[in-house]
Enquirer: 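Have a look at this one.
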Amino acid sequence: MAFAVQDLESCIQHLNKHGIVTEDIRLDDLTGKRFTFFTDPDDLPLELYEG
């Protein structure tokens, strides 16, 4: 599942502040947009996609 966000860095800071580890920011080769992943409490991947 992916969530579209306006400000990827602020979302990452918020998650990290609450103990949620995020992966490094990546760049989508097709769209040129930035994204990252983190996991939910069941260890399933979730994506933040800046758009």
Side-chain angles (χ1 to χ4, degrees):
M1 179 181 299
F3 297 95
V5 299
Q6 294 298 317
D7 184 351
L8 188 59
E9 269 117 10
S10 70
C11 291
I12 289 171
Q13 288 175 2
H14 179 80
L15 291 170
N16 294 165
K17 179 180 172 182
H18 293 283
I20 299 169
V21 177
T22 56
E23 295 182 5
D24 292 337
I25 294 174
R26 300 186 218 172
L27 190 62
D28 186 319
D29 292 333
L30 187 62
T31 65
K33 295 188 178 188
R34 301 177 325 146
F35 65 98
T36 190
F37 287 93
F38 63 100
T39 57
D40 74 4
D42 293 322
D43 208 30
L44 298 172
L46 297 171
E47 180 181 4
L48 296 178
Y49 196 88
E50 193 170 62

Enquirer: Would you name the heavy atoms of Leu15 and Thr22 that are closest together and state the gap between them?
Expert: CD1-CG2, 3.9 Å

Enquirer: Tell me if a side-chain donor or acceptor on Asp42 pairs with a main-chain N or O of Leu44 at a distance below 3.5 Å.
Expert: no

Enquirer: Under the side-chain contact (heavy atoms from CB on, under 4.5 Å) test, which residues partner Asp29, sequence neighbours left out?
Expert: none

Enquirer: Where is the tightest heavy-atom contact between Leu27 and Gly32, given as atom of each residue plus distance?
Expert: CD1-O, 3.0 Å

Enquirer: Are the side chain of Glu50 and the backbone of Leu8 linked by a donor-acceptor contact shorter than 3.5 Å?
Expert: yes

Enquirer: Mind checking whether Leu48 and Ile25 sit in one hydrophobic cluster, side chains of I, L, V, M, F, W, Y counted as touching below 4.5 Å?
Expert: yes

Enquirer: Ile20 and Phe38: which non-hydrogen atoms are nearest, and at how many Å?
Expert: CG2-CD1, 3.8 Å

Enquirer: I'd like to know if Ile12 and Leu46 are part of one continuous hydrophobic network [Ile/Leu/Val/Met/Phe/Trp/Tyr, side-chain heavy atoms within less than 4.5 Å].
Expert: yes

Enquirer: Starting at CD of Glu9, measure out to CG of Asn16 and round the result to the nearest 0.5 Å.
Expert: 11.5 Å

Enquirer: Heavy-atom count around Asp24 CG within 6.0 Å, excluding the residue itself: above 12?
Expert: no

Enquirer: Find out if a path of hydrophobic residues (ILVMFWY) with successive side-chain heavy-atom gaps under 4.5 Å connects Phe35 to Phe3.
Expert: no

